[in-house]
Amino acid sequence: MTPRSGAKKSPAKEAEAPQAPASEASPEVKVPGSFPAVDAAFPAVPVMPEPPAPREALELVRSYIKKCRHAFEAGYFDDLERAAAQITAQAELQGWRVVEGMARYIARAATARDPQAVMDLMPDLESSVERVAAQVEPKISMGTSLGDNETV
């Protein structure tokens, strides 16, 4: 049992307390290369996984569009919002800015529970995905992939 702050230890208890070996680093000992203030201010950043290949991303986006359609038809705006957010994330990873923007608008419309806006935006999202597919798939068949600087 540890004494409360302000409480004094008896001499007998001080003798019984285990002492850390001198080789172990205590909090007061500074280890070279260790910067506690910096470590606390800048926690480790998780390593992000590689984005999927463009063909895989297209298939994911198309499956999320189907989920959007089903959720909209069933009136599940929360599911629609999540599916649109997944499209936004995939499009952002691939650099497909138009698809990303359209999906973001649909997610906002789903949050606002605006069925008319969703109905107006879904065809635009689908056509923008097909335009991306038309540009990406020939590059895949030629053996090249979209570089970081190329956006569709």
Side-chain angles (χ1 to χ4, degrees), residues 1-7 18 20-21 23-152:
M1 184 174 205
T2 58
R4 292 190 175 124
S5 61
S23 63
E24 288 185 26
S26 66
E28 296 84 29
V29 176
K30 296 192 180 200
V31 178
S34 173
F35 302 100
V38 173
D39 293 341
F42 301 100
V45 176
V47 177
M48 298 302 292
E50 294 266 334
R55 179 171 285 154
E56 293 170 14
L58 274 173
E59 292 307 314
L60 282 172
V61 167
R62 287 175 174 151
S63 72
Y64 290 132
I65 287 175
K66 288 179 186 175
K67 288 182 182 182
C68 283
R69 283 254 175 236
H70 292 297
F72 178 71
E73 290 167 2
Y76 298 135
F77 285 95
D78 291 335
D79 293 342
L80 173 61
E81 182 182 358
R82 278 191 290 276
Q86 291 293 329
I87 295 170
T88 301
Q90 285 300 319
E92 184 178 13
L93 284 173
Q94 296 296 326
W96 302 334
R97 301 294 175 232
V98 174
V99 174
E100 177 188 350
M102 295 304 302
R104 205 175 296 276
Y105 286 136
I106 290 172
R108 287 181 187 157
T111 302
R113 307 291 195 259
D114 186 351
Q116 187 61 48
V118 173
M119 285 184 354
D120 292 343
L121 292 168
M122 282 300 294
D124 293 335
L125 173 65
E126 291 170 338
S127 65
S128 64
V129 168
E130 293 313 312
R131 282 193 302 273
V132 165
Q135 292 178 357
V136 168
E137 288 174 345
K139 291 183 180 189
I140 293 170
S141 65
M142 291 188 315
T144 62
S145 63
L146 289 177
D148 290 2
N149 298 336
E150 295 183 58
T151 58
V152 181

### Task
Enter the distance from W96:CH2 to I87:CD1 here, rounded to the nearest 0.5 Å.
11.0 Å
### Summary
Scanning both residues in full, the closest heavy-atom pair of A103 with L125 reads N-CD1, 4.0 Å
#### Entry: Residues in side chain to side chain contact (heavy atoms under 4.5 Å, CB included) contact with A117, at least two apart in sequence or another chain
A109, D114
### Task
Could you tell me the separation between the CD1 atom of I106 and the CG atom of L80, rounded to the nearest 0.5 Å?
7.0 Å
For residues 68-75, run the donor-acceptor check on the side chains, cut-off 3.5 Å, and write out each pair with its distance to 0.1 Å, sequence neighbours left out.
{"from": "R69", "atom 1": "NE", "to": "E126", "atom 2": "OE2", "distance (Å)": "3.0"}
{"from": "R69", "atom 1": "NH2", "to": "E126", "atom 2": "OE1", "distance (Å)": "3.1"}
{"from": "R69", "atom 1": "NH2", "to": "E126", "atom 2": "OE2", "distance (Å)": "3.3"}

### Which residues share a side chain to side chain contact (heavy atoms under 4.5 Å, CB included) with E130, sequence neighbours left out
R62, A133
### Message
Which residues pass the side chain to side chain contact (heavy atoms under 4.5 Å, CB included) test with D78, not counting sequence neighbours?
### Response
E81, R82, R113
### Residue pairs involving residues 102-112 (criterion salt bridge (Lys or Arg N to Asp or Glu O under 4.0 Å); sequence neighbours excluded)
E100-R104
### Task
Report, as yes or no, whether the 6.0 Å neighbourhood of atom CZ on F77 holds more than 12 heavy atoms from other residues, nucleotides or ligands.
yes
#### Entry: All side chain to side chain contact (heavy atoms under 4.5 Å, CB included) counterparts of L60, not counting sequence neighbours
P52, Y64, Q90
### Query
Just how far is it from atom CE of M102 to atom CG of L121, taken to the nearest 0.5 Å?
4.5 Å
### Query
Mind checking whether P115 and M119 have side chains closer than 4.5 Å, heavy atoms only?
no
